[in-house]
Undergrad: 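One structure, as structure tokens, below. Some questions next.
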Amino acid sequence: MAELDARYRVMVLHILSRVDGPVTNNQLVNYVLDNNVTNYFSVQLAISDLLSSGFITAEHTHNDTRYHLTEEGRHTYELLGDKVNTWLREDIDSYFKEHKYELKQQTSVYADYMKAVGGGYLVRCQVKNNEKPVIDLNLTVPTREQAQAVCANWDKGHVEVYAAIMDALLK
């Protein structure tokens, strides 16, 4: 059982080593479940172990968590990467290469909120390209419901919002 758990941890490291930028919890879970690699609980346990070991870091938002590979995690993967079966490595590589655009799109758009000092909610909306912000917009809204609406609308309409801002600023 411990060896199987170790393989799942190395599998997660393999996935994170193959993508440019973060991978969301949903993306990891979807890959694992869609391809019948393991169950939800096993992948979550592997992620938890990797976080506590410092091999990956987590960035939490209101609707997902994004994982990043640390240098220590990269080094560990280089040492233990052969614990992932060849067919699984090839399948992971193929899946993430085939879905590269959608996966990158999902992690390049960021919106989250937190309670603001003095009342209301601070909403942060970003679009990143290669982990560098293209736009970084901070808004204060009075209610949590409005903060949630801004986040949801940013996820759906960030292209139009960015275009409108650029159009207004470049007149």
Undergrad: Which residues satisfy the ring pair (Phe, Tyr, Trp, His ring centres under 6.0 Å) test with Tyr77, sequence neighbours excluded?
TA: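 Checked Tyr77 against ring pair (Phe, Tyr, Trp, His ring centres under 6.0 Å); matches are His14.
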
Undergrad: Nearest 0.5 Å, please: how far is CG in Leu50 from CG in Leu13?
TA: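 Those atoms lie 4.5 Å apart.
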
Undergrad: Looking at residues at least two apart in the chain, or sitting in another chain, which of them share a side-chain contact (heavy atoms from CB on, under 4.5 Å) with Ser52?
TA: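 With sequence neighbours excluded, Ser52 shows a side-chain contact (heavy atoms from CB on, under 4.5 Å) to no residue whatsoever.
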
Undergrad: Hey, does the side chain of Asn85 reach the backbone of Leu88 with a donor-acceptor pair shorter than 3.5 angstrom?
TA: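 Between the backbone of Leu88 and the side chain of Asn85 there is no qualifying donor-acceptor contact (under 3.5 Å).
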
Undergrad: According to a 4.5 Å side-chain heavy-atom criterion applied to Ile, Leu, Val, Met, Phe, Trp and Tyr, with indirect links allowed, do Leu45 and Phe41 form part of one hydrophobic cluster?
TA: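 As far as the 4.5 Å side-chain criterion goes, Phe41 and Leu45 are not connected within one cluster.
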
Undergrad: Using the test side-chain contact (heavy atoms from CB on, under 4.5 Å), find all partners of Leu80 that sit at least two apart in sequence or belong to another chain.
TA: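 In terms of side-chain contact (heavy atoms from CB on, under 4.5 Å), with neighbours along the sequence ignored, Leu80 is linked to Val10, Thr76, Lys83.
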
Undergrad: Run the side chain to side chain donor-acceptor pair (under 3.5 Å) test against Glu72 and tell me which residues pass, sequence neighbours left out.
TA: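 Checked Glu72 against side chain to side chain donor-acceptor pair (under 3.5 Å); zero matches.
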
Undergrad: Quick one: list whatever passes side-chain contact (heavy atoms from CB on, under 4.5 Å) with Glu59, sequence neighbours left out.
TA: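 Applying side-chain contact (heavy atoms from CB on, under 4.5 Å) to Glu59 gives Arg66, His68, Tyr110, Lys128.
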
Undergrad: Sequence neighbours left out, what passes side chain to side chain donor-acceptor pair (under 3.5 Å) with Asn35? Give chain and number order.
TA: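 Testing Asn35 for side chain to side chain donor-acceptor pair (under 3.5 Å), a comparison that skips the adjacent residues, returns none.
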
Undergrad: Got a list of side-chain donor-acceptor pairs under 3.5 Å for residues 113-123, not counting sequence neighbours?
TA:
unit_1: Tyr113; atom_1: OH; unit_2: Arg144; atom_2: NE; d: 3.3
unit_1: Tyr113; atom_1: OH; unit_2: Gln148; atom_2: NE2; d: 3.2

Undergrad: Who are the salt bridge (charged side-chain N to carboxylate O under 4.0 Å, His left out) partners of Asp49, not counting sequence neighbours?
TA: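 For Asp49, the residues satisfying salt bridge (charged side-chain N to carboxylate O under 4.0 Å, His left out) (neighbours in sequence not counted) are Arg9.
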
Undergrad: With no hydrogens and no angle check, just 3.5 Å: does a side-chain donor-acceptor pair link Thr38 and Tyr8?
TA: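 Yes.
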
Undergrad: With sequence neighbours excluded, tell me which residues meet salt bridge (charged side-chain N to carboxylate O under 4.0 Å, His left out) with Asp155.
TA: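 Salt bridge (charged side-chain N to carboxylate O under 4.0 Å, His left out) check on Asp155 returns nothing, list empty.
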
Undergrad: Under the side chain to side chain donor-acceptor pair (under 3.5 Å) test, which residues partner His75, sequence neighbours left out?
TA: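 Partners of His75 by the side chain to side chain donor-acceptor pair (under 3.5 Å) criterion come out as none, since no residue qualifies.
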
Undergrad: Is a side-chain N or O of Thr70 found less than 3.5 angstrom from the main chain of Gly54, in a donor-acceptor match?
TA: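 Judged by distance alone, yes, a pair lies under 3.5 Å.
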
Undergrad: Of all the heavy-atom pairs spanning Val12 and Ala46, show the shortest one and how long it is.
TA: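 The pair with the smallest heavy-atom distance is CG2-CB, 4.4 Å.
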
Undergrad: Does Asn25 have any side chain to side chain donor-acceptor pair (under 3.5 Å) partners at least two apart in sequence or in another chain, and if so, which?
TA: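 By the side chain to side chain donor-acceptor pair (under 3.5 Å) rule, Asn25 matches Gln44, Tyr67.
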
Undergrad: Do Val23 and Leu69 touch side chain to side chain, with heavy atoms closer than 4.5 Å?
TA: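 No, every pair of side-chain atoms sits at 4.5 Å or beyond.
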
Undergrad: Go through the structure and list residues passing salt bridge (charged side-chain N to carboxylate O under 4.0 Å, His left out) with Arg124, not counting sequence neighbours.
TA: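 Arg124: salt bridge (charged side-chain N to carboxylate O under 4.0 Å, His left out) contacts with Asp136.
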
